[in-house]
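Contents: one structure, followed by commentary.
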Amino acid sequence: MVDWRDVLLVDGYNMIGGWPDLAELSHTGMKEARDRLLDMLADYQAFSGRRIIAVFDAYRVPGLGRAFVQGKVQVYFTKEKETADECIERLVGELSHRRRQIYVATSDLVEQHVIFAHGALRLSARELRLEIEENQREVKKAIDKPGARNSRHALEDKLPPEVRSKLEDWRRKS
């Protein structure tokens with residue numbers, strides 16, 4: 001089956017460096033900053049429905065060329081001697097299709113000139129963060145809407161907080 005959804009390719013370390021709270025986390029541990037970014041992207045993916053692929057330069061972590069899924073976000077660590085920009089360029093070539101729009105969240109405008117010339121759309125680190133924050137507000141507004149909590153389908157009304165917390169942890173890890 002063909003996946004027609006829009007795709008958002010994220011240069012992970014660009015976002016970590018471009019978002020002050022994640023940049024601060026990276027000083028104490030890059031893994032914590034990556035995990036926080038991936039959690040934010042997973043929440044954004046759930047709301048937006050976009051397919052999200054986060055790309056990280058593997059020179060900062062062991063396991064070159066690794067790929068896995070974390071919280072419905074596809075995560076790529078580049079191959080040996082491949083930069084995140086080159087990996088994103090390769091992925092754009094693999095994912096291009098007439099009915100699919102590809103967005104690239106990066107701060108490296110000059111490095112990504114080839115993919116933008118092929119029709120991919122750019123989101124800066126700031127634009128992506130604003131979009132994620134707007135989605136968080138929309139979700140909160142929907143949850144806080146009068147009557148939303150009284151719905152017999154609301155998970156919050158049926159489960160104790162510690163169970164909901166554990167389920168959310170499992171969802172993020174899957």
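Being a predicted model, the structure only gives us computed values, none of them experimental.
For the pair Ala120 and Val104, the tightest heavy-atom approach, listed with the atom from each and the gap, is CB-CG2, 4.2 Å. Listed here is the closest heavy atom pair of Gly18 and Ala125: CA-CB, 4.3 Å.
Note that CG of Leu37 and CE of Met30 are 11.0 Å apart. Values are rounded to the nearest 0.5 Å. The distance from atom CD of Glu133 to atom CG of Leu128, rounded to the nearest 0.5 Å, is 10.0 Å. In this structure, the separation between CD on Glu94 and SG on Cys87 is 8.0 Å, given to the nearest 0.5 Å. Here Asp39 contributes atom CG and Asp169 contributes atom CG; the two are 9.0 Å apart, rounded to the nearest 0.5 Å. Atoms CZ and OG1, on Arg122 and Thr106 in that order, are 6.5 Å from each other to the nearest 0.5 Å. Here CZ of Arg34 is found 9.5 Å from CD of Gln70. Values are rounded to the nearest 0.5 Å.
Checking side-chain atoms of Glu127 against main-chain N and O of Ser124 turns up a donor-acceptor pair under 3.5 Å. Between the side chain of Glu86 and the backbone N or O of Thr83 there is at least one donor-acceptor pair closer than 3.5 Å. Side chain of Asn135 to backbone of Tyr44: no donor-acceptor contact under 3.5 angstrom is found. The closest donor-acceptor contact from the side chain of Thr78 to the backbone of Glu82 lies under 3.5 Å.
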Asp21 vs Arg129, side-chain contact (heavy atoms from CB on, under 4.5 Å): CA-CA, chis, key distance, verdict
CA-CA 11 Å; Asp21 56 325; Arg129 185 62 181 253; 2.9 Å; yes
Could you give me the CA-CA distance, side-chain angles and deciding distance for Phe56 and Asn14, then say whether side-chain contact (heavy atoms from CB on, under 4.5 Å) is met?
CA-CA 9 Å; Phe56 296 94; Asn14 270 197; over 6 Å; no
Given the rule in the side-chain contact (heavy atoms from CB on, under 4.5 Å) test, do Gln74 and Phe68 qualify, once you have shown the distances and angles that lead to the verdict?
CA-CA 6 Å; Gln74 292 174 268; Phe68 58 93; over 6 Å; no
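With salt bridges taken as basic N to acidic carboxylate O contacts below 4.0 Å, one links Glu168 and Arg172. Salt bridge status for Arg90 with Asp85: absent, with no side-chain N to carboxylate O gap under 4.0 Å.
Between Leu95 and Arg51, the closest side-chain pair of non-hydrogen atoms falls below 4.5 Å. For the pair Tyr76/Ile53, a side-chain contact is recorded, criterion being any heavy-atom separation below 4.5 Å from C-beta on. Considering only heavy atoms from C-beta on, Tyr13 stays 4.5 Å or farther from Leu22 through its side chain. Inter-residue side-chain proximity for Asp43 and Val139 is flagged as unmet; no heavy-atom pair is nearer than 4.5 Å. The shortest distance between side-chain heavy atoms of Val55 and Asp11 does not fall below 4.5 Å.
A chain of hydrophobic side-chain contacts below 4.5 Å, direct or via other Ile, Leu, Val, Met, Phe, Trp or Tyr residues, connects Leu41 to Leu121.
For Arg50 and Tyr103, the positive end sits near the middle of the six-membered ring, less than 6.0 Å away and at most 45° from its axis.
The 12-atom threshold is exceeded at CD of Glu138, counting heavy atoms of other residues, nucleotides or ligands nearer than 6.0 Å.
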